Amino acid sequence: MADYEKFSKQKLDELIKIQDRFKDSFKIDSYANWFYDIETEVLRLYNNDEDEIFFKYISVGTFSLKSKTWMWNWFNNSSIEKSKSQLLAIKEIGIENRFTKLIEGTFPSDEFDGWELTAICLDFFHGIGAYKVETSGLEQYLLIIDTADKESVEVKKLKQKTVDCVHHGYSRPAFVCQHLTLETPKGFEEAFETYKGMELDEEDDFQAWCSKCEKVRIEHDGWNEESESFAKIKLICENCYFELKEFNS
């Protein structure tokens, strides 16, 4: 039986070397913003529309900062990435060598496991680097497997699904009433509780309205011609949405 500590350390050392080349080659640290799309499995790093780069990725798993647990993406029922089934090959390695961390779908952990497990996947799938994103107390580890051309089908599909915001570039669409601004707080009512970076069901969108709209909505027994006319819902991007939420809440 192989020694897991020795095995994982070797893979982590290899990741460190590859990651240095990855960061240097693509100037990863120069990008202030990120956006990833779970359907196309494309990661976008950007400062603006002219300064952006796209990568194809495999989502390895997540580390919860609250519960201090790791969860493999193949074990995550809410994940819809098509590549998640590929990770079962890593589980098979675990079964063959009795490596518990490669077998169990979720287990008590720390943030170091995230890089360690990503390193093992990087070697197996011949990745070119790794990237970590954090949303609402979850660190998600993405294995970068290749660059994605701006003219590729995946990137075009990503851009079709997103809003081209003059302030934030491409990000997911959101809908708010005409009264929500960054000038005077007006309250913030949502269709459901949200946080930045959360995964949405296919039929859901970020939706919010002010306190006055909520009063009108209740008076008219919900959304109808009268309440919608008062709200005059407008389209914005996800980043603008959460700026409005922070200011108006």
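Computed over heavy atoms, backbone and side chain alike; hydrogens, waters and symmetry mates excluded. Note that the coordinates shown come from a computational prediction; the quantities given were computed from them, not determined experimentally.
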*Asks:* If you count heavy atoms of other groups shown closer than 6.0 angstrom to CD of E246, is the number above 12?
*Replies:* no
*Asks:* Work out which heavy atom in L143 is nearest to a heavy atom in G129; give both atom names and the distance.
*Replies:* CD1-O, 3.7 Å
*Asks:* Can you get from W72 to L65 by hopping between Ile, Leu, Val, Met, Phe, Trp and Tyr side chains that sit under 4.5 Å apart?
*Replies:* yes
*Asks:* Would you say L45 and F26 make side-chain contact, with heavy atoms under 4.5 Å?
*Replies:* no
*Asks:* So which atom in L15 and which in L122 form the shortest heavy-atom distance, rounded to 0.1 Å?
*Replies:* CD1-CD1, 3.5 Å
*Asks:* I'd like to know if the side chain of D13 reaches the main chain of I16, judged simply by a donor and an acceptor atom lying under 3.5 Å from each other, with no hydrogens or angles considered.
*Replies:* no
*Asks:* From M71 CE over to S64 OG, what is the distance, rounded to the nearest 0.5 angstrom?
*Replies:* 9.0 Å
*Asks:* Do any N or O atoms from the side chain of S227 and from the backbone of N224 form a donor-acceptor pair under 3.5 angstrom?
*Replies:* yes
*Asks:* Could you check whether K82 pairs with E41 (Lys NZ or Arg NE/NH1/NH2 to Asp/Glu carboxylate O, under 4.0 Å)?
*Replies:* no
*Asks:* Mind checking whether F230 and V176 sit in one hydrophobic cluster, side chains of I, L, V, M, F, W, Y counted as touching below 4.5 Å?
*Replies:* no
*Asks:* Evaluate the side-chain contact (heavy atoms from CB on, under 4.5 Å) criterion for residues E139 and E111: first the C-alpha distance (whole Å), next the side-chain angles of each, then the deciding distance (0.1 Å), finally the verdict.
*Replies:* CA-CA 8 Å; E139 293 183 342; E111 61 271 26; 3.8 Å; yes
*Asks:* Would the distance check show the side chain of S8 and the main-chain N or O of E5 forming a donor-acceptor pair, the cut-off being under 3.5 Å?
*Replies:* yes
*Asks:* Do E154 side-chain atoms and D149 backbone N/O form a donor-acceptor pair below 3.5 Å?
*Replies:* no
*Asks:* So do L180 and F247 actually touch side chain to side chain, heavy atoms under 4.5 Å?
*Replies:* no
*Asks:* I'd like to check E219 versus E226 (side-chain heavy atoms, cut-off strictly below 4.5 Å). Are they in contact?
*Replies:* no
*Asks:* Any idea which heavy atoms bring K150 and F54 closest together, and the distance?
*Replies:* CG-CE1, 3.8 Å
*Asks:* Testing Y195, F206, F188 for ring-ring contact (aromatic ring centres under 6.0 Å, His included) with F242, which one passes?
*Replies:* F206
*Asks:* With side chains defined as the heavy atoms from C-beta onward, is the minimum distance between I120 and F7 less than 4.5 Å?
*Replies:* yes
*Asks:* I'd like to know if the side chain of T106 reaches the main chain of W70, judged simply by a donor and an acceptor atom lying under 3.5 Å from each other, with no hydrogens or angles considered.
*Replies:* yes
*Asks:* If I compare all heavy atoms of A148 with all of V155, which pair ends up nearest, and what's the gap?
*Replies:* CB-CG2, 3.9 Å
*Asks:* Go through the steps to decide whether H126 and I145 satisfy the test side-chain contact (heavy atoms from CB on, under 4.5 Å), and finish with yes or no.
*Replies:* CA-CA 7 Å; H126 307 292; I145 56 175; over 6 Å; no
*Asks:* For the CH2 atom of W34 and the CG atom of L43, what is their distance to the nearest 0.5 Å?
*Replies:* 9.0 Å
*Asks:* Does a donor on one side chain sit under 3.5 Å from an acceptor on the other, for E81 and S83?
*Replies:* no
*Asks:* For Y131, give me all partners under ring-ring contact (aromatic ring centres under 6.0 Å, His included), at least two apart in sequence or on another chain.
*Replies:* none
*Asks:* First locate atom CG of L117, then atom CH2 of W115, and finally report the distance between them rounded to the nearest 0.5 Å.
*Replies:* 12.0 Å
*Asks:* Of the non-hydrogen atoms in L235 and P173, which two are nearest, and what is the gap between them?
*Replies:* CD1-CB, 3.7 Å
*Asks:* Does D29 have any salt bridge (charged side-chain N to carboxylate O under 4.0 Å, His left out) partners at least two apart in sequence or in another chain, and if so, which?
*Replies:* K23
*Asks:* Say whether, by atom type as modelled, one donor and one acceptor occur between the side chain of N97 and the main chain of F99 under 3.5 angstrom.
*Replies:* no
*Asks:* Hydrophobic clustering (ILVMFWY, side-chain heavy atoms < 4.5 Å, transitive) - are F112 and Y4 grouped together?
*Replies:* no
*Asks:* Using the side chain to side chain contact (heavy atoms under 4.5 Å, CB included) rule, pick out the option among W74, F125, F124 that qualifies with Q86.
*Replies:* F125
*Asks:* Find out whether R217 and E189 are in side-chain contact, i.e. whether some heavy atom of one side chain is under 4.5 Å from a heavy atom of the other.
*Replies:* no
*Asks:* What's the spacing between T100 OG1 and I95 CD1 if we round to 0.5 Å?
*Replies:* 11.0 Å
*Asks:* Hey, any chance I53 and I144 share a hydrophobic cluster, counting ILVMFWY side chains that come within less than 4.5 Å of each other, even indirectly?
*Replies:* yes
*Asks:* For the backbone of K186 and the side chain of N248, can you confirm whether one donor and one acceptor N or O come within less than 3.5 Å of each other?
*Replies:* yes
*Asks:* Assess whether side-chain contact (heavy atoms from CB on, under 4.5 Å) is satisfied between S79 and S59, documenting all intermediate values.
*Replies:* CA-CA 9 Å; S79 171; S59 178; 5.8 Å; no
*Asks:* Distance from T69 atom OG1 to D110 atom CG, nearest 0.5 Å?
*Replies:* 11.5 Å
*Asks:* Honestly curious: do L182 and F175 fall in one hydrophobic cluster under the side-chain, below-4.5 Å linking rule?
*Replies:* no
*Asks:* Kindly say whether N76 contributes a backbone atom to a donor-acceptor pair with the side chain of K84 at under 3.5 angstrom?
*Replies:* yes
*Asks:* Check whether any side-chain N or O of Y241 sits under 3.5 Å from a backbone N or O of Q207 as a donor-acceptor pair, and report yes or no.
*Replies:* yes
*Asks:* So which atom in C210 and which in C177 form the shortest heavy-atom distance, rounded to 0.1 Å?
*Replies:* N-SG, 3.3 Å
*Asks:* Before giving the answer on side-chain contact (heavy atoms from CB on, under 4.5 Å), spell out for K6 and Q10 the whole-Å C-alpha distance, their side-chain angles and the decisive distance to 0.1 Å.
*Replies:* CA-CA 6 Å; K6 183 178 180 180; Q10 178 187 346; 5.7 Å; no
*Asks:* Rounded at 0.5 Å granularity, tell me how far OG in S25 sits from CD1 in I18.
*Replies:* 11.5 Å
*Asks:* Between K66 (side chain only) and G137 (backbone N and O only), is there a donor and an acceptor less than 3.5 Å apart?
*Replies:* no
*Asks:* If we only count heavy atoms from C-beta on, is the I28 to F55 side-chain gap below 4.5 Å?
*Replies:* yes
*Asks:* With a 4.0 Å cut-off, would you call E193 and K245 a salt bridge?
*Replies:* yes
